[in-house]
Amino acid sequence: MKPTHIEHLGIAVTSLEETMPFFEFLTGSKCYNIEVVEDQKVKTAFFKVGEVKIELLEPTCPESTIAKFIEKNGGKGGIHHVAFNVENVAEALKEAEAAGIRLIDLQPRKGAENLMIGFLHPKNTCGVLTELCEQPK
Ligand code: ZN
């Protein structure tokens, strides 16, 4: 699989508006992109820390997996997933499947920031929801 780097950390938040000032302070930078990902029922806000991004995820409706994550977490946000950058998501997913890792996404799909993404199942990744991403070509 050989990821090149951690692409981003996904952090679930109850409100972008309330949490963005802290992340602006923490990263010493302004949020550079806010984007709704209809598919995942989330509104995202991105910050940069060197090459790594912080992706804040706010649920857009109660059916959002992020809303369910927050509910399970006692109504609070927290680290939701770790995303690794790979050259080719489709191939990386196949490799993971061949290694016996359960996939959430059998095929790559489009995520925020025009990345092609695919999730591995946390049951097989030490409880850490793991996303693979490929940069737009
Ligand atoms: Zn992500």
Side-chain angles (χ1 to χ4, degrees):
M1 184 146 355
K2 255 200 158 188
T4 53
H5 60 280
I6 303 277
E7 217 281 333
H8 63 268
L9 297 177
I11 299 176
V13 299
T14 52
S15 157
L16 287 183
E17 202 186 336
E18 283 170 22
T19 49
M20 278 171 56
F22 168 71
F23 285 94
E24 288 182 350
F25 165 75
L26 183 67
T27 63
S29 70
K30 290 269 173 216
C31 164
Y32 70 91
N33 182 25
I34 292 186
E35 191 178 334
V36 173
V37 186
E38 296 291 350
D39 189 37
Q40 292 169 62
K41 301 181 176 70
V42 290
K43 192 172 173 189
T44 60
F46 286 90
F47 296 84
K48 271 191 181 143
V49 184
E51 195 178 3
V52 181
K53 301 170 196 163
I54 305 278
E55 175 187 43
L56 300 183
L57 302 147
E58 177 194 85
T60 55
C61 69
E63 293 77 45
S64 164
T65 55
I66 295 301
K68 286 172 191 151
F69 174 85
I70 289 169
E71 200 181 299
K72 266 196 213 156
N73 207 26
K76 286 189 277 234
I79 290 244
H80 179 257
H81 64 270
V82 178
F84 292 83
N85 192 73
V86 295
E87 290 298 328
N88 184 316
V89 173
E91 274 174 25
L93 287 172
K94 270 188 212 142
E95 259 181 71
E97 194 175 28
I101 296 165
R102 227 166 104 193
L103 307 179
I104 291 177
D105 297 304
L106 299 178
Q107 298 290 335
R109 60 188 160 109
K110 207 167 170 196
E113 303 222 289
N114 288 317
L115 299 177
M116 290 309 289
I117 64 162
F119 280 94
L120 307 182
H121 200 283
K123 281 221 166 102
N124 297 131
T125 55
C126 309
V128 179
L129 180 60
T130 301
E131 177 181 355
L132 303 173
C133 358
E134 176 183 332
Q135 300 300 318
K137 299 267 150 58

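Everything numeric here is computed off the predicted structure, so don't read it as measured data. Counting starts at 1 for both ligands and their atoms, following the listed order. Along the sequence shown, the residues carry numbers beginning at 1.
- Residues that satisfy the ring-ring contact (aromatic ring centres under 6.0 Å, His included) test with F47, not counting sequence neighbours, are absent from this structure.
- Among the backbone and side-chain atoms of C133, none of the N, O or S atoms lies under 2.8 Å from the Zn ion (ligand 1).
- With the Zn ion (ligand 1) as the vertex, atom OE1 of E55 and atom NE2 of H81 span an angle of 90° (nearest 10 degrees).
- Take the N/O/S atoms of E131: the one nearest the Zn ion (ligand 1) is OE1.
- The shortest side-chain heavy-atom distance between I34 and K43 falls under the 4.5 Å cut-off.
- For the residue pair E55 / H80, no side-chain donor-acceptor distance below 3.5 Å is found, with atom types taken as modelled.
- The Zn ion (ligand 1) has H8 among its coordinating residues (N/O/S atom, backbone or side chain, under 2.8 Å).
- Counting heavy-atom neighbours within 6.0 Å of Q135 CD, excluding the residue itself, gives a total above 12.
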